[in-house]
Participant: 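Before I ask anything, here is the structure I am working with.
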Number of protein chains: 2
Amino acid sequence: MKNKRTIRDIADELQLSITTVSLVLNGKAREKRISQEVIERVQKFVREVDYRPNHFARSLRNGKSQIIAFMAEDISNPFFSSIARRIEDRANNSGYKIVYCSTENDPEKARELIRAFKDRSVDAYIITPTEGIEEELKELVAGEVPLMLFDRYFSGLDTGYVVIENEKSTYEAIRHLVDQGYSSIGFVTLDSVQSQMQGRLNGYVKAVTEAGLPEQVLRVPYGSPETSIVDAIRNFLQDNRQLDSLFFSSNYLGAGGLKAIRSLKLSIPEDIGVVAFDDSEIFRMYTPDITSVTQPVEEISLRLVDSILYQLKHEGQQVDTGKYKIALPARLVVRGSSVKNK
Amino acid sequence: MKNKRTIRDIADELQLSITTVSLVLNGKAREKRISQEVIERVQKFVREVDYRPNHFARSLRNGKSQIIAFMAEDISNPFFSSIARRIEDRANNSGYKIVYCSTENDPEKARELIRAFKDRSVDAYIITPTEGIEEELKELVAGEVPLMLFDRYFSGLDTGYVVIENEKSTYEAIRHLVDQGYSSIGFVTLDSVQSQMQGRLNGYVKAVTEAGLPEQVLRVPYGSPETSIVDAIRNFLQDNRQLDSLFFSSNYLGAGGLKAIRSLKLSIPEDIGVVAFDDSEIFRMYTPDITSVTQPVEEISLRLVDSILYQLKHEGQQVDTGKYKIALPARLVVRGSSVKNK
DNA sequence: AAAGCAAGCTAAAACGTTTTAGCGGATTTA
DNA sequence: TAAATCCGCTAAAACGTTTTAGCTTGCTTT
């Protein structure tokens, strides 16, 4: 049971050369003109003894690890973990395993992780990039390693990515608030220059400008603990009594915002309308339920992994990178938190 | 930049043998009596050129992958993803990477995954076992691969594990309901013989029996989609009008239960008291907030990864397996959903 | 002066694959 | 009849480590 059989054992037992066995195993038998009889003999035997090739030896020889790295900002965030969940299956089906890690949006940590993955020659990368790791990404691209960014990207870098139409969907969400009669709309975002946050801000600015409303933006420092987020939002509301609605540009800002609103005993949607970017179970269960810009998690995952697998399959062949620059539409799911007159 | 240097190159450039360089690199120089001067020369040079050993070659030679497999039931469930998050850091710090996968509680899938991991010689396993994979686990144990189960375990198998004191903590939760004056307490669980579910059921039975109350149990089929869960719970409530409180034995049963309760327009905690096993953001944010048996996620993770790392470090040495059979206490967090008289 | 020993290093095997280059012999071509 | 081609297979190199066994050299011992 435990005495691992090697390809050499197989060859000996079948009175064949290692080469022949290897060729059959790798499906190159026909092309190398091994006879049908031998092919079948090998296949049958290999099946019988349940021979399993040694991954290390194979990897050493061909430089491939059959591993894909999944670098999220935080794997315990439902947005990332549900993508992780979906990526997993398709990757497994194609013989790849996934190693994950969380950057915590720390460039230093991200760099180290990429380094470690390089050392292990992972075959491909799926990354939510932190600010400041352009150099490392550039090196990956130069090394022709399949790479997809998601959630955000660097416009200056020629990498594949899957993102959301942030500007457009935020614009529509704000329009929705305007249509509902809200006229003093606050925008709560992170103090970050990342592309997805910029896009959302742009959508907001565009919509309020068009509607002739003032811009009222709160920037919470990146990486704040939840209590600080709640405090910041509470202060924002207290300092700006005229606010009649808030847009939260991420799911955890939304969760913090709800706590802040509750602690001020404001009622939703009468005193304050609410829309959040990124759906979550909390928003669906909250009373009232929260209107949100819902990202197509399923499709994001699909596009990511399919792009990666395609690149892996056609490695070396220079493929059109434009094909991998994907912006998906998000859906505005209107719920009770933003509908005044019922 | 991209011309990877090998240990042979280092040796040549330093006019030394491969062996010597390798010994220095692996910290065996002293013991093999390499001179201090040579040691330093090697170390200095290696640092300068930033030599990175080839993992594949090393693995091929010593059979170690420096990879730990993390098999959850579903990585997108917050309970599992937050454990994943915490395990990751400590593992990385010790030079291990983590591959994850979700069994979906499908034994066939679990078996295949274990098989794939075996092929890749992962160095250790952290697993939420599905029913019916005792054989595979037994083989791992026999192969002396470090292994820890969590969330549940098999009492018939001599493996390490980290679980919760399910019976005790459920008992206390039910006692709490009794103390609050609830006298018709329903228990919503999964149709499963897994140890954690058995434990919770036992705790419930013990508490209601002691209090002289009837047992009223709903078993939802494992793997039901959320809508069926909601329906089942709604029917349970309608068929048993006398029920004045419910205990949900998992977080997603709790979420489903809240929806059912809401759809029946019952109010918590007046019409129906609620306690759930396993905390979640939803329970904290719900109105009223939901009393829950909170698992010590941080400590679970810590114990898992520390046990694994310890076993990895002392491989070969027969260690006391009893040491790795860990049952941690859970904390009853009392919130509004189970407190009648305020 | 021969033997023994330690210090300081190294040659080479082994890990298990994939793949290149090529070998005999039979058949076809010129 | 000699040369070229094809068929079916294989020897051996290469991938980059770790580690066992052992080789010099010079010093100490008897």
Side-chain angles (χ1 to χ4, degrees), chain A residues 2-43 45-46 49-66 95 118-121 123 315-316, chain B residues 2-43 45-46 49-66 95 118-121 123 315-316:
Chain A
K2 247 318 49 160
N3 54 352
K4 281 300 283 175
R5 220 178 286 252
T6 72
I7 199 173
R8 152 148 277 128
D9 300 331
I10 306 278
D12 288 352
E13 294 176 72
L14 287 173
Q15 307 266 55
L16 288 169
S17 77
I18 292 184
T19 310
T20 306
V21 177
S22 175
L23 289 174
V24 173
L25 256 30
N26 293 292
K28 307 205 174 153
R30 285 251 70 98
E31 130 197 12
K32 294 287 179 176
R33 293 169 315 213
I34 305 298
S35 69
Q36 192 58 37
E37 182 262 329
V38 169
I39 293 182
E40 279 163 17
R41 206 147 55 86
V42 172
Q43 288 178 335
F45 187 74
V46 157
V49 303
D50 189 31
Y51 161 73
R52 333 230 81 207
N54 179 309
H55 262 266
F56 299 143
R58 184 176 285 186
S59 293
L60 175 57
R61 178 59 223 236
N62 64 22
K64 299 292 162 209
S65 58
Q66 299 285 105
K118 266 186 169 176
D119 284 352
R120 288 158 181 268
S121 311
D123 294 346
E315 201 141 38
Chain B
K2 249 311 58 156
N3 55 351
K4 281 301 280 175
R5 219 177 288 250
T6 74
I7 198 173
R8 153 147 276 129
D9 300 331
I10 306 278
D12 288 352
E13 295 175 73
L14 287 173
Q15 307 267 54
L16 289 169
S17 77
I18 292 184
T19 309
T20 306
V21 177
S22 175
L23 289 174
V24 173
L25 256 29
N26 293 292
K28 308 204 173 154
R30 285 250 68 99
E31 127 197 15
K32 295 286 178 176
R33 293 170 316 213
I34 305 298
S35 69
Q36 193 57 37
E37 181 262 329
V38 168
I39 295 182
E40 278 163 17
R41 205 147 55 85
V42 172
Q43 288 177 335
F45 188 73
V46 156
V49 303
D50 189 30
Y51 161 73
R52 330 231 84 206
N54 179 310
H55 263 265
F56 298 143
R58 182 177 288 188
S59 294
L60 175 58
R61 179 58 223 235
N62 64 19
K64 300 292 164 211
S65 59
Q66 300 285 106
K118 267 186 169 176
D119 284 352
R120 287 158 182 269
S121 311
D123 293 346
E315 203 141 37

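Note on naming: letters A, B, ... go to the chains in the order of the sequence lines (proteins, then strands), and numbering restarts at 1 for each one. Any value given below was found using the heavy atoms of this structure, including those in side chains, with hydrogens, waters and symmetry copies removed.
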Participant: Could you state the CG-P distance from B:Asn26 to D:dT19, rounded to the nearest angstrom?
Facilitator: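 Rounded to the whole Å, the gap is 7 Å.
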
Participant: Kindly say if B:Ser35 contacts the phosphate of C:dC9, meaning a side-chain N or O under 4.0 Å from OP1 or OP2.
Facilitator: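 Looking at the OP1 and OP2 atoms of C:dC9, one of them is under 4.0 Å from a side-chain N or O of B:Ser35.
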
Participant: What is the distance, rounded to the nearest whole Å, between atom CD1 of A:Ile18 and atom P of C:dT20?
Facilitator: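 So the two atoms are 17 Å apart, to the nearest Å.
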
Participant: Mind calculating the distance between CD (B:Glu37) and C1' (C:dA7) to the nearest angstrom?
Facilitator: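 Roughly 14 Å, once rounded to whole Å.
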
Participant: Could you tell me whether the phosphate oxygens of C:dT18, OP1 or OP2, come under 4.0 Å of any side-chain nitrogen or oxygen in A:Arg58?
Facilitator: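 Indeed, a polar side-chain atom of A:Arg58 lies that close.
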
Participant: Reckon B:Asn62 touches a base, only the sugar-phosphate, or nothing at all at heavy-atom distances under 4.0 Å?
Facilitator: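 Nothing, no nucleic acid heavy atom in range.
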
Participant: Nearest of C:dA13, D:dG8, C:dT18 to any side-chain atom of A:Arg33?
Facilitator: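 My answer, after comparing the listed nucleotides, is D:dG8.
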
Participant: Rounded to the Å, how far apart are A:Asp9 CG and C:dT17 P?
Facilitator: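 Rounding to the nearest Å, CG of A:Asp9 and P of C:dT17 are 9 Å apart.
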
Participant: What does B:Ser22 touch in the nucleic acid at a heavy-atom separation under 4.0 angstrom: a base, only the sugar-phosphate, or nothing?
Facilitator: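 The residue B:Ser22 makes base contact.
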
Participant: Between the axis at one end of the helix from C:dA1-D:dT30 to C:dA30-D:dT1 and the axis at the other (five pairs apiece), what's the angle to 10 degrees?
Facilitator: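 Both end axes considered, the difference amounts to 60°.
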
Participant: Would you say C:dT18 has OP1 or OP2 under 4.0 Å from some side-chain N or O of A:Lys28?
Facilitator: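 For C:dT18, neither OP1 nor OP2 has a side-chain N or O of A:Lys28 closer than 4.0 Å.
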
Participant: Is B:Thr20 near enough to C:dT10 that one of its side-chain N or O atoms lies under 4.0 angstrom from OP1 or OP2?
Facilitator: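 So the side-chain polar atoms of B:Thr20 do come within 4.0 Å of the phosphate oxygens OP1 or OP2 of C:dT10, strictly under.
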
